[in-house]
Chemist: 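Before I ask anything, here is the structure I am working with.
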Amino acid sequence: MRSGFDAARFRTVLGHFCTGVTVVTSVDGDQPVGFACQAFAALSLAPPLVLFCPAKSSRSWPVIERAGHFCVNVLAEGQRAVSTVFGTGGADKFDTVPWTPSSTGAPVLDGALTWVDCTVEAVHDAGDHHVVIGRVVDLGEHRDERPLLFYRGHYAATDTTPPDDRGWTGEVLDALLTWPRQSDWI
Ligand SMILES: Cc1cc2nc3c(=O)[nH]c(=O)nc-3n(C[C@H](O)[C@H](O)[C@H](O)COP(=O)(O)OP(=O)(O)OC[C@H]3O[C@@H](n4cnc5c(N)ncnc54)[C@H](O)[C@@H]3O)c2cc1C
Ligand SMILES: NC(=O)c1ccc[n+]([C@@H]2O[C@H](COP(=O)([O-])OP(=O)(O)OC[C@H]3O[C@@H](n4cnc5c(N)ncnc54)[C@H](O)[C@@H]3O)[C@@H](O)[C@H]2O)c1
């Protein structure tokens, strides 16, 4: 069936789904690779699985596939420049940000909010992307900072208004954001 919309409309509509931004990294010998990736999600708790979707044009992906492992770096609000560099074809990405190796050897970027270290569990074909399932083998500590967000093709910030100044809508929002609690029965 032919679709009644073009790529621009697809991007406009899907751009309304606000996400965080990650940089998925790996290493092949001495050569680190990585790319900015919004298509990332938690998938399963038992066993612990995540997924990310690299475009088939990605030059990092074949390296990650060969290495068989990767690290998902969750970017902090102050890391727009990191996202831009890792989201740009041909950039000298690792010249701009210090990193240390994870337990699998994949780069953990300085300043990341947290990170998820994985082995490649499965790869599925999906249009002009792959869906890559990762088995989580190690998890980073987390920093008490705000996340970098991507919304309608631009970087966005979370609300910086202190909870006390938000009135009843703030209270309702806080209740929703802290639900469920351990005492909830679901
Ligand atoms: C916020 C954000 C979210 C994103 N989310 C995703 C996502 O979920 N999935 C995804 O696949 N991508 C995503 N991207 C895009 C992705 O980060 C970029 O395409 C990135 O450059 C891919 O890196 P790479 O290392 O895989 O490939 P690169 O080596 O950066 O190559 C990417 C493309 O550029 C071309 N290229 C490389 N070097 C040159 C050169 N010197 N001259 C000309 N062309 C060159 C390559 O042939 C290839 O087509 C996102 C980007 C941003 C900013
Ligand atoms: N999943 C992806 O591959 C993906 C996601 C976001 C951005 N990007 C790329 O990063 C660059 C910067 O993006 P922008 O500022 O122009 O934002 P944009 O306006 O192109 O992105 C808006 C939304 O469209 C979707 N999208 C964009 N490109 C896509 C792709 N190739 N495959 C699947 N979904 C896609 C995403 O949901 C994104 O949030 C562009 O080259 C874009 O293609 C790729």
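When a ligand or atom number is given, it counts from 1 through the structure's own listing order. Sequence positions, counted from 1, serve as the residue numbers for this chain. What's counted below: heavy atoms across the whole structure, side chains too, no hydrogens, waters or symmetry copies.
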Chemist: Considering non-hydrogen atoms of the protein only, which is the closest contact for atom 21 (O) of ligand 2, and what is the distance?
Modeler: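 Sorting protein heavy atoms by distance from atom 21 (O) of ligand 2 puts Phe150 CE2, 4.3 Å first.
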Chemist: Does the pair His142 and Thr114 meet the rule for a side chain to side chain donor-acceptor pair (under 3.5 Å), with working shown?
Modeler: CA-CA 5 Å; His142 51 89; Thr114 191; over 6 Å; no
Chemist: For the residue pair Asn73 and Ala112, what are the closest heavy atoms and their distance?
Modeler: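 Scanning both residues completely, I find the closest heavy atoms to be OD1-CB, 4.0 Å.
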Chemist: Please confirm whether the ring centroid of Phe17 lies under 6.0 Å from the ring centroid of Tyr151.
Modeler: no
Chemist: Report each N/O pair between ligand 1 and the protein that falls under 3.5 Å, naming both atoms.
Modeler:
residue  : atom   : partner : partner atom : Å
ligand 1 : 5 (N)  : Gln38   : N            : 3.0
ligand 1 : 8 (O)  : Gln38   : N            : 3.1
ligand 1 : 8 (O)  : Ala39   : N            : 2.9
ligand 1 : 9 (N)  : Cys53   : O            : 3.0
ligand 1 : 11 (O) : Ala55   : N            : 2.7
ligand 1 : 14 (N) : Ala36   : O            : 3.2
ligand 1 : 17 (O) : Ala36   : N            : 3.3
ligand 1 : 17 (O) : Ala36   : O            : 2.8
ligand 1 : 17 (O) : Phe86   : O            : 3.4
ligand 1 : 21 (O) : Gly89   : N            : 3.3
ligand 1 : 23 (O) : Lys93   : NZ           : 3.0
ligand 1 : 25 (O) : Ser60   : OG           : 2.6
ligand 1 : 25 (O) : Lys93   : NZ           : 2.6
ligand 1 : 26 (O) : Ser58   : OG           : 2.5
ligand 1 : 26 (O) : Arg59   : N            : 3.1
ligand 1 : 26 (O) : Ser60   : N            : 3.1
ligand 1 : 27 (O) : Arg59   : N            : 3.2
ligand 1 : 29 (O) : Arg59   : NE           : 2.8
ligand 1 : 29 (O) : Arg59   : NH2          : 3.4
ligand 1 : 30 (O) : Lys93   : NZ           : 3.2
ligand 1 : 38 (N) : Arg59   : NH2          : 3.1
ligand 1 : 38 (N) : Gly90   : N            : 3.3

Chemist: Verify whether the ring centers belonging to Phe86 and Phe94 lie closer than 6.0 Å.
Modeler: yes
Chemist: Where is the tightest heavy-atom contact between Ala122 and His124, given as atom of each residue plus distance?
Modeler: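 For Ala122 versus His124, the nearest heavy atoms are CB-NE2, 4.0 Å.
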Chemist: I'd like to know if the side chain of Ser103 pairs up with that of Asp117 as donor and acceptor (distance under 3.5 Å, no hydrogens or angles considered).
Modeler: yes
Chemist: How close does the nearest protein non-hydrogen atom get to atom 38 (C) of ligand 2, and which residue and atom is it?
Modeler: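 The answer is Gln38 OE1, 3.3 Å.
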Chemist: Give me the atom names and distance for the closest heavy-atom approach of Ala126 to Val131.
Modeler: CB-CG2, 3.7 Å
Chemist: Around atom NE2 of His154, are there more than 12 heavy atoms of other residues, nucleotides or ligands at under 6.0 Å?
Modeler: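 No.
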Chemist: Please report the shortest heavy-atom distance between Val108 and Cys71, naming the atom on each side.
Modeler: CG2-SG, 4.0 Å
Chemist: What residue and atom, counting heavy atoms only, is the protein's closest point to atom 40 (C) of ligand 2, and at what distance?
Modeler: Arg11 NH2, 3.5 Å
Chemist: Is atom 4 (C) of ligand 2 in close reach of the protein, with a heavy atom under 4.0 Å away?
Modeler: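 No, no protein heavy atom sits under 4.0 Å from atom 4 (C) of ligand 2.
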Chemist: Among all the protein's non-hydrogen atoms, which is closest to atom 35 (C) of ligand 2, and how far away is it?
Modeler: Phe10 CE2, 4.4 Å
Chemist: Considering only protein heavy atoms, determine whether one is less than 4.0 Å from atom 23 (C) of ligand 2.
Modeler: yes
Chemist: For ligand 2, is there an N or O atom under 3.5 Å from any N or O atom of His129?
Modeler: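 For ligand 2, there is an N or O atom that lies under 3.5 Å from one belonging to His129.
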Chemist: Give a yes-or-no answer on whether the side chains of Ser60 and Ser58 include a donor-acceptor pair shorter than 3.5 Å.
Modeler: no
Chemist: Checking a contact table here: which protein heavy atom is nearest atom 25 (C) of ligand 2, and how many Å away?
Modeler: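 Sorting protein heavy atoms by distance from atom 25 (C) of ligand 2 puts Leu14 CB, 4.3 Å first.
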Chemist: Can you tell which of Ala8, Gly153, Ser57 gets a heavy atom nearest to atom 15 (O) of ligand 2?
Modeler: Gly153
